[in-house]
Amino acid sequence: MVTNMTRRLFWAICSIGAAPGDSDEVRLQKATLMVASMMFIPAGLIWGLLYLYFGETLPGLIPLSYAIVSSLSLVIFAATRHYHFFRFSQLLLILLLPFSLMLALGGFVSSSAVIVWSFLSPLGALLFADPRQAPRWFLAYLTLLVVSIYLPPLLRNGNNLPQELVRALFVLNIGAISTIAFILFAYFIGQQRRTLSLLRQEQAKSESLLLNVLPKEVAAVLKRENRLIADHFEAVSILFADVVGFTPLSAELAPAEMVNLLNEVFSYFDSLVEKYGLEKIRTIGDNYMVGSGVPRPRPDHAHALARMALDMLDYTRPDGHGSTHPAARRLQFRIGINSGPVVAGVIGRYKFHYDLWGDPVNVASRMESHGEPGKIQITRQTYELIKDDFICEPRGKVVIKGKGEMETWYLTGIRE
């Protein structure tokens, strides 16, 4: 219970002054400065009360005034969110007040090296501001440090603090500075690592989405180079599949049920693409297109695509071993395959996709549209590549739009 309350209080403090439009970097800087302030203010109170206890009024008022002014500026920052002014005022107070305290106590040694607290100013500039500003704050700190060495002859001789306390404060000052610096760096680095981890997760998601749109070889080129991607492939096979009677079926089924059915069937087709090492080109409505031999050339491009086509039909046949969805038994696919040279590349700037162009692609589409339900129609180009290993039944000559008469075959099985 106490731990949860403490954690909530800590994160509430870290979020002081945070604005909705802050970048991750600015949000981290603000949170780190809040953590630092929560350590500086108590330290100022403790040191101030300690000096007052031993009769050092002016030295006691200096750290107490820092605690009060810093608390007020923190309240103003929470109300106004003027981060640059708050950051500058904090860095300036941390730089000058330890130097003033050293003067009030009689010098570097008499003050137990309290000037080292000023080191938190350039350190803060490094963590909370633009790192390019940090050298100027560090130079100011070094200047005050050098001045503190040569000032003792001009200052009061000693103070009311016992020598044992002076020696103890040497340890406390150096130890406190070291502790605060360590905590700040640990917090900053921890938050930075957390941000980088989230960034890597987002990059992994983006990578996954990119690979869902493009082949991994093409995605790798796009990430390295900003150029047009268009390659010629001499030996490629292309498959088109389309649902027969999709419009009447979609009118009978509820929209969600129709989408679920297509998602189930096409997801299985996607698994076949993965199984045979092929490349899904696109899905448009109830039309499914696959390429074999792109973007990875392979000598068995026609064989791999033929095996996938046979598995697709087996999945969608009423007597097959595929979908158990009741409506799936009413799905019939026409499938067409052709082989030949194509050009493959990426088109578009925003909703880009990998696509294939060339006459063999058009012919493959015609093989599907001029085919019969539940059958795989192939051209002579594909037939010549697979005839020794697959069973192909001649269909004869078919009039193909834009091509005239073409000799085609039906792919029916694999030779034993």
Side-chain angles (χ1 to χ4, degrees), residues 6 9-10 13-14 29 31-71 74 87 90-128 134 137-149 151-152 155 158-192:
T6 304
L9 177 61
F10 174 78
I13 293 172
C14 290
Q29 289 176 352
T32 310
L33 182 54
M34 290 302 101
V35 172
S37 298
M38 292 304 102
M39 291 186 288
F40 297 161
I41 293 173
L45 291 173
I46 293 172
W47 258 248
L49 294 174
L50 182 65
Y51 291 136
L52 289 177
Y53 178 80
F54 284 96
E56 291 290 343
T57 303
L58 180 60
L61 292 177
I62 292 174
L64 285 177
S65 65
Y66 164 77
I68 296 171
V69 173
S70 184
S71 298
L74 197 153
R87 181 180 61 195
Q90 288 292 308
L91 296 179
L92 190 63
L93 286 172
I94 295 170
L95 179 70
L96 296 180
L97 289 185
F99 179 73
S100 303
L101 182 58
M102 182 207 67
L103 298 180
L105 288 170
F108 185 86
V109 175
S110 299
S111 66
S112 304
V114 74
I115 185 68
V116 296
W117 281 87
S118 295
F119 176 68
L120 292 177
S121 179
L123 177 62
L126 193 63
L127 295 179
F128 316 138
W137 289 95
F138 186 67
L139 181 61
Y141 162 72
L142 289 179
T143 301
L144 293 181
L145 189 63
V146 171
V147 170
S148 69
I149 296 174
L151 275 181
L155 303 176
N159 52 51
N160 296 326
L161 302 180
Q163 287 303 307
E164 294 78 6
L165 181 60
V166 171
R167 287 192 292 268
L169 286 175
F170 261 108
V171 176
L172 286 175
N173 285 329
I174 296 173
I177 294 300
S178 302
T179 301
I180 291 174
F182 179 82
I183 292 174
L184 287 179
F185 269 111
Y187 176 78
F188 188 85
I189 292 173
Q191 292 300 307
Q192 196 172 54

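Computed from a prediction, not measured in an experiment: that's the story for all the values here. These numbers come from the heavy atoms of this one structure, side chains and all, not from hydrogens, waters or symmetry mates.
- For F119, the ring pair (Phe, Tyr, Trp, His ring centres under 6.0 Å) test picks out Y141, with sequence neighbours left out.
- Within the model, atoms CD1 of I177 and OG of S118 stand 8.5 Å from one another, a figure rounded to the nearest 0.5 Å.
- Here I46 pairs with nothing under the side chain to side chain contact (heavy atoms under 4.5 Å, CB included) rule; sequence neighbours left out.
- A distance of 5.5 Å separates CD1 of I41 from CG of L74, quoted to the nearest 0.5 Å.
- Annotation: side-chain hydrogen bond (donor to acceptor under 3.5 Å, both in side chains) contacts of W137 (sequence neighbours excluded): none.
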Just do the side-chain contact (heavy atoms from CB on, under 4.5 Å) check on F185 and L123 with the steps written out, would you?
CA-CA 9 Å; F185 269 111; L123 177 62; 3.0 Å; yes

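- Using a 4.5 Å heavy-atom cutoff, the side chains of L49 and Y53 are not in contact.
- Evaluation of the side chain to side chain contact (heavy atoms under 4.5 Å, CB included) rule for L50 yields F54, L165, L169 as partners, not counting sequence neighbours.
- Here the CD1-CZ distance, from I174 to F170, works out to 7.0 Å after rounding to the nearest 0.5 Å.
- Every residue two or more places apart in sequence or in another chain that forms a side chain to side chain contact (heavy atoms under 4.5 Å, CB included) with A134 is listed here: A125, L126.
- For the side-chain hydrogen bond (donor to acceptor under 3.5 Å, both in side chains) test, residues two or more places apart in sequence or in another chain that qualify with S70 are Q90.
- Note: I180 CD1 to M39 CE = 5.5 Å, rounded to the nearest 0.5 Å.
- For the atom pair CG of L96 and CG of L101, the computed distance is 12.5 Å after rounding to the nearest 0.5 Å.
- Remark: L105 CG to I115 CD1 distance equals 11.5 Å, nearest 0.5 Å.
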Can you give me every donor-acceptor pair (side chain of residues 59-66, partner residue at least two apart or in another chain, under 3.5 Å) with its distance?
from	atom 1	to	atom 2	distance (Å)
S65	OG	L61	O	3.1
S65	OG	I62	O	2.6

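- Annotation: side chain to side chain contact (heavy atoms under 4.5 Å, CB included) contacts of A140 (sequence neighbours excluded): L95.
- Among residues at least two apart or in separate chains, side chain to side chain donor-acceptor pair (under 3.5 Å) pairs with a member in residues 41-52 are W47-N173.
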